[in-house]
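Take a look at the structure below.
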Amino acid sequence: MKDLELDINQIPSGVEEECVEKEFGGLPRKKLRLTKEQSHVLEQSFKQYHILNPKQKEGLADQLKLKPRQVEVWFQNRRARSKLKQTEMEYKNLKKWFGSLNEQNRKLKKEVEELRGRKAGPPQQLPAATLTMCPRCQHVTNTFLDKGPAARKH
DNA sequence: GATGTCAAAAAGATTG
DNA sequence: CAATCTTTTTGACATC
């Protein structure tokens with residue numbers, strides 16, 4: 001039950017490799033698609049440096065049999081798209097954070113109402129919950145129960 | 001170099 | 001199953 005592991009390249013009739021370099025009249029140039037290998041190498045390089053110096057660019061270019069310009073563009077796109085995804089993630093986290101803060105607020109208001117109701121009744125005291133959450137790591141801290149010497153920071 | 005946009009190609013979803 | 005419509009991915013450029 002494990003067929004189909006994504007056949008590597010070459011779908012119909014070898015439309016891979018260098019389909020560049022051939023600009024006839026300079027008209028119907030089709031859009032090249034990088035091979036698995038090429039994008040893998042580029043991806044690995046991107047892990048190390050998001051920005052290349054001319055030297056590295058040149059190196060990658062002829063290692064991958066691409067024009068330096070193509071490598072340059074690839075990195076530009078990669079940077080932009082990577083940033084976009086990161087921003088989307090941050091948006092989702094902030095949204096989640098807001099949601100939890102909102103709920104905390106709801107609970108606290110409910111508690112206040114409850115306390116107000118007892119004001120004229122039996123004198124009693126409840127520990128008000130004081131919660132804080134780090135927007136980055138989503139760590140929640142209760143300043144009443146968790147304020148021991150282990151006030152670690154994150 | 002970042003950002004916005006276009007368009008080709010591939011991947012997915014629909015329908016007959 | 002495949003022809004077709006829709007969405008996503010991505011190589012390339014133009015602008016700033």
Side-chain angles (χ1 to χ4, degrees), chain A residues 1-113 128-154:
Chain A
M1 320 177 157
K2 53 172 182 178
D3 65 329
L4 202 284
E5 177 82 342
L6 274 187
D7 53 328
I8 320 301
N9 335 307
Q10 268 153 295
I11 318 304
S13 54
V15 188
E16 232 175 81
E17 288 311 307
E18 318 119 43
C19 56
V20 194
E21 314 293 322
K22 304 195 174 180
E23 306 161 13
F24 312 102
L27 283 181
R29 65 169 182 285
K30 285 209 167 187
K31 179 175 174 178
L32 104 282
R33 299 295 285 188
L34 298 180
T35 70
K36 290 274 179 183
E37 195 56 25
Q38 289 173 315
S39 25
H40 179 256
V41 174
L42 287 169
E43 207 61 55
Q44 289 304 97
S45 304
F46 184 74
K47 269 187 184 174
Q48 308 180 3
Y49 322 89
H50 287 194
I51 293 180
L52 298 176
N53 58 45
K55 191 76 176 178
Q56 307 174 296
K57 189 200 301 181
E58 202 77 31
L60 274 176
D62 74 6
Q63 176 191 335
L64 300 173
K65 293 180 158 49
L66 293 172
K67 290 187 281 189
R69 169 64 180 164
Q70 291 177 295
V71 174
E72 181 183 313
V73 168
W74 190 91
F75 269 75
Q76 273 178 334
N77 285 323
R78 191 69 185 70
R79 260 179 249 125
R81 284 154 186 162
S82 147
K83 182 177 182 179
L84 180 65
K85 281 178 187 171
Q86 198 199 320
T87 299
E88 281 173 348
M89 283 284 279
E90 264 167 33
Y91 167 75
K92 273 198 285 186
N93 287 338
L94 287 174
K95 200 172 164 187
K96 195 189 301 175
W97 185 38
F98 173 78
S100 62
L101 284 180
N102 220 14
E103 190 178 352
Q104 280 180 43
N105 187 250
R106 188 179 60 70
K107 288 181 178 175
L108 288 174
K109 283 186 175 177
K110 181 180 174 185
E111 191 178 316
V112 167
E113 209 171 308
T130 305
L131 304 174
T132 58
M133 176 184 274
C134 170
R136 282 280 174 199
C137 61
Q138 301 282 306
H139 180 254
V140 181
T141 304
N142 184 314
T143 58
F144 264 92
L145 304 177
D146 191 41
K147 65 177 177 182
R152 54 192 177 281
K153 58 184 178 181
H154 38 292

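The chains referred to below are lettered A, B, ... by the order of the sequence lines, with proteins before strands, and numbering in each begins at 1.
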Closest non-hydrogen atom pair, A:A61 against A:V71
CA-CG2, 3.8 Å
Rounded to the nearest Å, what distance is computed from the CZ atom of residue A:F75 to the C1' atom of nucleotide C:dC13?
19 Å
Nearest to side-chain heavy atoms of A:R79, which nucleotide of C:dA12, B:dG1, C:dT9:
B:dG1
Rounded interatomic separation in angstrom, taking CD1 from A:I51 and C1' from B:dT3
14 Å
Gap between atoms CG and P, on A:L42 and C:dA12 respectively (whole Å)
11 Å
Check every atom of C:dG11, B:dG1, C:dA12 against the side chain of A:V73 and return the nucleotide holding the closest atom.
C:dA12
Once you round it to whole Å, what is the distance between P of C:dT9 and CG of A:L84?
11 Å
Check ion pair A:K107-A:E103 (N to O, under 4.0 angstrom)
yes
Whether the A:E90 and A:Q86 side chains hold a donor-acceptor pair (N or O, under 3.5 Å, no angle test) is what I'd like checked.
yes
State, without any angle test, whether A:N53 and A:Q56 hold a side-chain donor-acceptor pair at a distance under 3.5 Å.
yes
What is the distance from CD of A:E72 to C1' of B:dG1, rounded to the nearest Å?
9 Å
Would you say A:Q76 places a side-chain N or O within less than 4.0 Å of OP1 or OP2 belonging to B:dA2?
no
Salt-bridge criterion met for A:K55 and A:E58 (N-O under 4.0 Å):
no
From the candidates C:dG11, B:dA2, C:dC13, the one with an atom nearest any side-chain atom of A:W74 is C:dG11
What nucleotide, of B:dG1, B:dA9, B:dT5, holds the atom closest to the side chain of A:R33?
B:dA9
Nearest to the side chain of A:N77, which nucleotide is it out of C:dA12, B:dA10, B:dG1?
C:dA12
Hey, does the side chain of A:K83 come within less than 4.0 Å of B:dT3's phosphate (OP1/OP2), counting only N and O?
yes
What is the distance from NZ of A:K36 to C1' of B:dA9, rounded to the nearest Å?
14 Å
Find the distance A:R69:CZ to B:dG1:C1' and express it as a whole number of Å.
11 Å
A:R81 CZ - C:dT9 C1' separation (whole Å):
8 Å
